[in-house]
**Q** 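Dropping a structure here in structure tokens format, bear with me for questions.
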Amino acid sequence: METKLLPADDAGIALACTLLRRGELVGIPTETVYGLAANALDPEAAARIYAAKGRPSDNPLIVHIAELSALDQLAAERPPLADKLAAAFWPGPLTMIFKKSENVPDATTGGLNTVAVRMPAHPAALRLIRESGLPLAAPSANLSGRPSPTRAAHVLHDMDGRIPLILDGGDCTVGVESTVISVGENGVRLLRPGGITVEALSRHCRVTVDDGVLHQLKEGQKALSPGMKYKHYAPAARVILLDGDEAAFAAYVNAHAGDGVFAMAGQKEAAALRVPALPFGDEGEEAAQAQRLFDCLRECDEQGARTVYVRLPRREGVGLAVLNRLLRAAAFQVVPLKEGSDEAER
Ligand code: AMP
Ligand code: MG
């Protein structure tokens with residue numbers, strides 16, 4: 001199959017609508033990461049997403065809508081708090097989980113009786129949903145296990161020959177996937193951190209952070225957000241997280257310099273390093289870190305990195321999402337460099 005790469009303009013959107021109505025797949029820009037979109041109400045179209053990504057069939061898809069009223073046909077019920085949060089954060093990177101209606105096929109929800117829904121903020125994504133008249137199931141447009149795509153070129157790299165069309169809407173501004181929450185009567189449970197932060201949600205309701213956000217699930221423990229149980233976001237290189245200040249980070253990385261050794265670092269951090277640094281963000285620049293994260297992880301492979309060192313990000317704001325993704329890319333290995341703690345790299 002030939003894969004076309006077109007700008008997300010009138011002609012691109014028109015072709016995308018035709019393909020989506022036929023049950024085909026289109027790579028689309030969103031503000032979080034690029035999505036691999038299909039008609040969420042067509043089980044065959046949803047099945048094509050799993051095949052193109054090589055995605056395990058129990059890993060549910062997020063359904064994207066452009067009007068709040070579209071929720072009525074997807075969710076069997078919704079707590080009043082969901083409407084309050086939708087008013088505050090949609091369009092934007094917040095995904096809410098609802099009991100699913102009969103219209104939503106099992107193929108879209110990975111067999112779950114719940115459905116995840118969000119309203120993206122990217123103008124091209126909103127236009128595509130409106131003009132196609134379809135709710136769009138769209139997981140990240142990467143091959144399963146690879147870092148999520150934040151540029152059209154990343155999608156082409158993974159999906160060339162697998163899908164008919166990719167729309168280029170520029171680099172993603174948020175850079176990490178949406179925040180996923182389940183909504184109760186009085187509060188929410190955070191299943192996956194993302195662009196809408198715990199701090200922002202906490203201004204509206206009580207927020208419980210699920211155990212799976214920062215810890216590896218134990219044998220037999222059920223993943224409430226199924227995507228979080230898979231090895232994820234990993235480049236071929238070994239990602240090693242270092243927990244320490246800027247000076248300790250530089251000292252440790254420089255002592256381990258060698259062939260194929262790289263770092264992901266902000267400008268300030270990079271100045272003290274004697275290994276090649278992929279441009280990330282410094283401490284306090286969590287939004288820049290999120291925006292750069294997946295491009296850096298992909299760049300590791302382009303540059304033939306064997307080991308890449310990253311300083312543990314702060315947990316504040318979108319830093320929690322960066323930490324969540326880095327922990328998975330590093331298979332939860334963190335080397336403590338803080339005073340009083342043992343260096344524990346194996
Ligand atoms: P992706 O769009 O590739 O980031 O994947 C969507 C992720 O959203 C899944 O891997 C799950 O972690 C989460 N998700 C989607 N639907 C549900 C659901 N019904 N219940 C819980 N989590 C969900
Ligand atoms: Mg994904």
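Being a predicted model, the structure only gives us computed values, none of them experimental. Scope of the values below: all heavy atoms of this structure, side chains included, with no hydrogens, waters or symmetry mates. Ligands are counted one by one from 1 in listed order, and the atoms in each one are counted from 1 as well.
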**Q** Any heavy atom of Leu112 closer to ligand 1 than 4.0 angstrom?
**A** yes

**Q** Please could you name the atoms of ligand 1 that Arg192 approaches to less than 4.0 Å, counting only its heavy atoms?
**A** 1 (P), 4 (O), 5 (O), 7 (C)

**Q** With sequence neighbours left out, write down each residue that passes side-chain hydrogen bond (donor to acceptor under 3.5 Å, both in side chains) with Glu131, or none if nothing qualifies.
**A** Arg127

**Q** Quick one: are the ring centres of His204 and Phe89 less than 6.0 Å apart?
**A** yes

**Q** Mind jotting down which residue pairs meet the ring-ring contact (aromatic ring centres under 6.0 Å, His included) criterion with at least one end in residues 266-305? Sequence neighbours excluded, please.
**A** Tyr233-Phe294

**Q** Using a 4.0 Å cutoff against the non-hydrogen atoms of Ser140, which atoms of ligand 1 qualify?
**A** 1 (P), 2 (O), 3 (O)

**Q** So between Thr32, Leu61, Ile97, whose heavy atom ends up nearest atom 20 (N) of ligand 1?
**A** Ile97

**Q** Report the hydrophobic cluster partners of Tyr34, with the cluster defined as I, L, V, M, F, W, Y residues connected by side-chain heavy atoms closer than 4.5 angstrom, directly or transitively.
**A** Leu5, Leu25, Leu36, Ile49, Tyr50, Leu61, Leu143, Val155, Leu156, Met159, Ile163, Ile166

**Q** How many protein N, O or S atoms sit closer than 2.8 Å to the Mg ion (ligand 2)?
**A** 1

**Q** Tell me, please: is Lys100 in heavy-atom contact with ligand 1, that is, under 4.0 Å?
**A** no

**Q** At their closest point, which heavy atom of Pro313 faces which heavy atom of Gln289, and how far apart are they?
**A** CB-OE1, 3.6 Å

**Q** Going by the closest heavy atom to atom 15 (C) of ligand 1, which one wins out of Ala141, Ala137, Gly194, Pro60?
**A** Pro60

